[in-house]
Trainee: 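Here it is, the structure in full.
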Amino acid sequence: QVQLVESGGGLVQAGGSLRLSCAASGRTFNNYAMGWFRQPPGKEREFVAAISGSAGTTYYAGSVKGRFSISRDNAKNTVYLQMNSLKPEDTAVYYCAAGSSMLLITTSKRADYWGQGTQVTVSS
């Protein structure tokens, strides 16, 4: 069982930056690929970024590539999402996710465990 708790969301102006954090429980954190998803208002949840257990591989959605960066600290059981050059269309609830493989997260857009979500609002 893995529990995920996100933090770091908030209100920011367009062009600004935010860093989201996701703290995970459990002793097998580095066995999981980790990902970030988001759900904009009135829309379906969408994939944002993923990172492998060893942090050797990352993958991004086209809409955030070059602006967002995912990283993890396995010693702290934490995954991060650095978001730069934010746009109003980045406004969403952001969810942290843990999956048994990168393929599960990046291709199937699914995960084994989910956080409760944190709101990110970008004003124009």
Side-chain angles (χ1 to χ4, degrees):
Q1 188 77 11
V2 176
Q3 292 185 325
L4 305 172
V5 179
E6 303 97 333
S7 61
L11 174 64
V12 63
Q13 288 189 333
S17 297
L18 278 176
R19 188 175 83 153
L20 304 183
S21 299
C22 173
S25 65
R27 294 175 290 178
T28 59
F29 178 70
N30 60 333
N31 287 349
Y32 288 92
M34 298 297 295
W36 288 95
F37 291 75
R38 67 187 182 186
Q39 185 165 17
K43 297 184 179 180
E44 293 186 353
R45 186 172 59 198
E46 60 186 31
F47 167 78
V48 175
I51 187 167
S52 62
S54 65
T57 303
T58 57
Y59 188 77
Y60 297 92
S63 58
V64 306
K65 198 169 186 179
R67 299 188 298 122
F68 290 12
S69 177
I70 188 171
S71 61
R72 66 191 294 164
D73 185 336
N74 286 343
K76 295 182 178 180
N77 280 16
T78 302
V79 63
Y80 305 97
L81 184 69
Q82 178 66 43
M83 305 185 294
N84 298 327
S85 301
L86 282 161
K87 305 174 182 180
E89 51 263 43
D90 294 319
T91 294
V93 177
Y94 282 72
Y95 296 92
C96 175
S100 55
S101 70
M102 283 285 280
L103 202 63
L104 178 69
I105 293 176
T106 62
T107 302
S108 301
K109 307 297 191 290
R110 296 187 292 114
D112 297 307
Y113 301 100
W114 296 91
Q116 82 289 351
T118 185
Q119 177 70 47
V120 172
T121 303
V122 184
S123 63
S124 56

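Positions are given from 1, in the same order as the sequence printed here.
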Trainee: To the nearest 0.5 angstrom, please state how far the OG atom of S124 sits from the NZ atom of K87.
Mentor: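 If I round to the nearest 0.5 Å, the distance is 14.0 Å.
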Trainee: From Q39 CD over to E44 CD, what is the distance, rounded to the nearest 0.5 angstrom?
Mentor: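 If we round to the nearest 0.5 Å, Q39:CD and E44:CD are 8.0 Å apart.
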Trainee: Roughly how far apart are M34 CE and T58 OG1, rounded to 0.5 Å?
Mentor: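 Separation between the atoms: 14.5 Å.
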Trainee: Taking a hydrophobic cluster as the set of Ile, Leu, Val, Met, Phe, Trp and Tyr residues connected by side-chain heavy atoms closer than 4.5 Å, whether directly or through intermediates, do I105 and V2 fall within one such cluster?
Mentor: no
Trainee: Would you say the side chain of S69 lies within less than 4.5 Å of the side chain of Y60, judging by non-hydrogen atoms?
Mentor: yes
Trainee: How about Q82 and S17: do any of their side-chain heavy atoms sit closer than 4.5 Å?
Mentor: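 Yes, close enough: below the 4.5 Å cut-off.
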Trainee: If I take atom CG from residue L11 and atom CD from residue Q119, how far apart are they, to the nearest 0.5 angstrom?
Mentor: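 Reported value, rounded in 0.5 Å steps: 9.5 Å.
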Trainee: CG of N30 to OG of S52: how many Å apart, nearest 0.5 Å?
Mentor: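 That separation rounds to 10.5 Å.
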Trainee: Assess whether side chain to side chain contact (heavy atoms under 4.5 Å, CB included) is satisfied between Y80 and D73, documenting all intermediate values.
Mentor: CA-CA 8 Å; Y80 305 97; D73 185 336; 4.2 Å; yes
Trainee: Could you state whether Y113 and I51 fall into the same hydrophobic cluster, counting links through intermediate Ile, Leu, Val, Met, Phe, Trp or Tyr residues with side-chain heavy atoms under 4.5 angstrom apart?
Mentor: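 Result: yes, single cluster for both.
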Trainee: Which pair of heavy atoms, one from P41 and one from T91, lies closest together, and at what distance?
Mentor: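 Minimum heavy-atom contact is CD-O, 3.6 Å.
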Trainee: Would you find more than 12 non-hydrogen atoms of other residues, nucleotides or ligands less than 6.0 Å from Q3 atom CD?
Mentor: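 No.
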Trainee: Main chain of F29, side chain of N74: is a donor-acceptor contact present, judged purely on distance under 3.5 Å?
Mentor: no
Trainee: Output the distance between atom OG (S21) and atom CZ (R72), rounded to the nearest 0.5 Å.
Mentor: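 Atom-to-atom, S21:OG and R72:CZ are 13.5 Å apart.
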Trainee: Could you go through L20 and E6, starting from their C-alpha distance and side-chain angles, then the distance that decides it, and tell me whether this counts as side chain to side chain contact (heavy atoms under 4.5 Å, CB included)?
Mentor: CA-CA 7 Å; L20 304 183; E6 303 97 333; over 6 Å; no
Trainee: Would you say the side-chain atoms of T78 pair up with the backbone N or O of A23, donor to acceptor, closer than 3.5 Å?
Mentor: no
Trainee: Hey, what's the ring geometry for F47 with F37, parallel, tilted or perpendicular (30° and 60° as the breaks)?
Mentor: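 Because their plane-to-plane angle is over 60°, the rings of F47 and F37 count as perpendicular.
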Trainee: Using the rule side-chain contact (heavy atoms from CB on, under 4.5 Å), only one of F68, Y95, Y59 pairs with V48; which is it?
Mentor: F68
Trainee: Which residue in the set L81, N84, T118, V120 passes side-chain contact (heavy atoms from CB on, under 4.5 Å) when paired with L18?
Mentor: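 Going through the options one by one, the only one that passes is V120.
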Trainee: Only counting residues at least two apart or in another chain, list the ones meeting salt bridge (Lys or Arg N to Asp or Glu O under 4.0 Å) with R67.
Mentor: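 Partners of R67 by the salt bridge (Lys or Arg N to Asp or Glu O under 4.0 Å) criterion, ordered by chain and then number, come out as D90.
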Trainee: Between A111 and A97, which heavy-atom pair has the shortest distance, and what is it?
Mentor: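 Between these two residues, the closest heavy atoms are CB-CB, 3.5 Å.
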Trainee: Search all heavy atoms of L4 against all heavy atoms of C22 and return the closest pair with its distance.
Mentor: CB-SG, 3.8 Å
Trainee: Within the 4.5 Å heavy-atom criterion, are V64 and R38 side-chain neighbours or not?
Mentor: yes
Trainee: Kindly indicate, with the supporting measurements, whether the criterion side chain to side chain contact (heavy atoms under 4.5 Å, CB included) is fulfilled by W114 and C96.
Mentor: CA-CA 6 Å; W114 296 91; C96 175; over 6 Å; no
